[in-house]
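Counting from 1, the numbers follow the sequence of the chain as shown.
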Amino acid sequence: AGIYARGQKLGNDPHAFSIFGDCQSKPDVFLGVYENDPAVVSALPVQLQETVANFTGSFNRESPTVKDATTLAGLLNPLWHEGKYTCTWNESPAECELRIHNPSFVFINTGTHWVTRNQEYLETIVLQLLEAGVVPILATKADDRYQGEKTNADLAVMAAKYGLPLWNFWAEALVLPEHGVYTKEGQGGLGDVYLTDQAILLYRQSALEALDSVWRAATGK
């Protein structure tokens with residue numbers, strides 16, 4: 001609540017959230033359905049319909065922070081946005097998105113990528129968001145391709161260190177066959193990192209529930 005309140009004083013939009021993610025965060029895979037399919041929205045519980053109404057305009061938008069193969073390092077690299085979305089070469093995709101969309105909440109949902117400095121990059125992004133009064137929502141991954149490097153554990157540690165919301169999709173996906181992931185044809189080298197159709201449905205629903213919980217906790221609704 002303290003982060004959110006500070007952000008409101010700084011002028012953040014209470015009706016906007018952003019997503020920092022890769023191909024599985026694109027609107028057609030992730031949350032766009034809540035803006036372009038009224039039947040899906042009308043079937044939601046009333047509380048979640050209220051959340052959709054509050055954040056309409058954020059679910060189905062393209063952004064400099066959602067792109068195939070986006071990593072935490074990419075979010076900090078001014079070359080990654082390719083100068084699109086009015087981004088300048090003096091700002092990273094993360095900085096550009098904060099400027100153009102002015103969100104109050106951000107999902108950090110960058111897929112399965114892991115590099116030696118992953119934790120450092122994650123902390124850099126988290127600190128940028130906190131400085132801007134934006135509430136980060138950290139998302140764990142359904143696959144465990146990099147379990148040896150403790151990607152999901154790193155996210156949990158970061159959430160605990162700064163008292164941040166953790167959307168534990170890894171735990172949510174335990175109920176699904178094969179943990180909701182599969183190997184895409186022609187990309188066998190990546191392993192089981194893509195979400196099944198069943199997993200995508202759970203992915204969307206649980207993300208909306210996470211946004212709802214964090215929004216209500218931050219605002220006291």
Side-chain angles (χ1 to χ4, degrees), residues 3-4 7 12-13 16-27 29-31 55 58-59 61-77 80-81 85 91-146 149-173 193 195 203-204 206-215 217-218:
I3 301 167
Y4 176 83
N12 294 348
D13 186 348
F17 73 87
S18 292
I19 303 167
F20 292 3
D22 62 6
C23 60
Q24 295 190 107
S25 290
K26 289 183 173 180
V29 177
F30 196 27
L31 298 178
F55 291 106
S58 291
F59 294 100
R61 60 184 291 273
E62 302 289 336
S63 80
T65 51
V66 176
K67 179 181 172 183
D68 289 357
T70 291
T71 63
L72 292 165
L75 290 167
L76 297 170
N77 184 351
W80 191 247
H81 55 60
Y85 306 98
E91 60 187 355
S92 68
E95 291 168 332
C96 179
E97 175 66 358
L98 294 183
R99 174 177 61 82
I100 65 176
H101 195 51
N102 196 30
S104 290
F105 304 90
V106 165
F107 282 100
I108 299 179
N109 192 36
T110 51
T112 61
H113 313 285
W114 192 92
V115 294
T116 304
R117 298 174 65 187
N118 223 43
Q119 188 77 338
E120 177 186 334
Y121 296 141
L122 175 60
E123 188 158 27
T124 297
I125 291 168
V126 164
L127 290 174
Q128 284 183 351
L129 295 175
L130 296 180
E131 177 66 21
V134 179
V135 180
I137 303 172
L138 306 184
T140 63
K141 320 305 168 194
D143 68 90
D144 60 357
R145 181 182 177 208
Y146 293 115
E149 287 86 350
K150 298 181 174 60
T151 302
N152 283 341
D154 282 352
L155 289 159
V157 167
M158 192 65 63
K161 180 176 181 179
Y162 290 101
L164 304 176
L166 181 73
W167 167 36
N168 193 357
F169 184 63
W170 186 88
E172 297 263 4
V193 299
L195 298 176
Y203 186 50
R204 292 168 176 164
S206 61
L208 182 61
E209 290 170 350
L211 178 62
D212 173 78
S213 295
V214 174
W215 172 54

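When atom types are taken as modelled, the side chain of K67 and the backbone of T65 share no donor-acceptor pair closer than 3.5 angstrom. Between the Y121 side chain and the T71 main chain, no donor and acceptor come within less than 3.5 Å of each other. Using a distance-only test at 3.5 Å, with no hydrogens or angles considered, a donor-acceptor pair links the side chain of N12 to the main chain of A132. S58 places no side-chain N or O within donor-acceptor distance of the main-chain N or O of S18, the cut-off being under 3.5 Å.
Once rounded to the nearest 0.5 Å, the distance linking CD1 of I125 with CG of L75 reads 4.5 Å. From N152, atom CG reaches atom CG of L166 across 8.5 Å, with rounding to the nearest 0.5 Å. Note that CH2 of W80 and OG of S92 are 13.5 Å apart. Values are rounded to the nearest 0.5 Å. For the atom pair L155 CG and I108 CD1, the distance stands at 8.0 Å (nearest 0.5 Å). With rounding to the nearest 0.5 Å, the separation of CD in E91 from CD1 in I100 is 8.0 Å. For the atom pair OG (S206) and CD (E172), the distance works out to 4.5 Å, reported to the nearest 0.5 Å.
Shortest non-hydrogen contact noted between L122 and D154 is CD2-O, 4.3 Å. P103 and V134 get closest at one heavy-atom pair: O-CG2, 3.4 Å. Of all heavy-atom pairs between K141 and T110, the closest is NZ-N, 3.3 Å. Minimum interatomic distance between P165 and P136 (heavy atoms only, all atoms of both residues): CD-O, 3.1 Å.
Partner of V66 under the side chain to side chain contact (heavy atoms under 4.5 Å, CB included) criterion, chosen from I19, V29, D22, N109: I19. Among F55, W167, F169, Y203, the one residue that satisfies the ring-ring contact (aromatic ring centres under 6.0 Å, His included) test with F107 is W167.
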task = Quick one: do L129 and F20 satisfy side chain to side chain contact (heavy atoms under 4.5 Å, CB included)? Show the steps, please.
result = CA-CA 11 Å; L129 295 175; F20 292 3; 4.2 Å; yes

query = side chain to side chain donor-acceptor pair (under 3.5 Å) between Y85 and E97: does it pass, once the steps are laid out?
reply = CA-CA 9 Å; Y85 306 98; E97 175 66 358; over 6 Å; no

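Every side chain to side chain contact (heavy atoms under 4.5 Å, CB included) that Q128 has, sequence neighbours left out, goes to L76, A94, E95, T124.
Residues V157 and Q119 are in side-chain contact: their nearest non-hydrogen atoms beyond the backbone lie under 4.5 Å apart. Within the 4.5 Å cutoff, the side chain of V135 has no heavy atoms near those of the W215 side chain.
For CD of E120, the number of neighbouring non-hydrogen atoms (other residues, nucleotides, ligands) closer than 6.0 Å is greater than 12.
Side-chain N/O atoms of N168 and T140 include a donor and acceptor closer than 3.5 Å.
Here F17 and F59 bring their ring centres to under 6.0 angstrom of each other.
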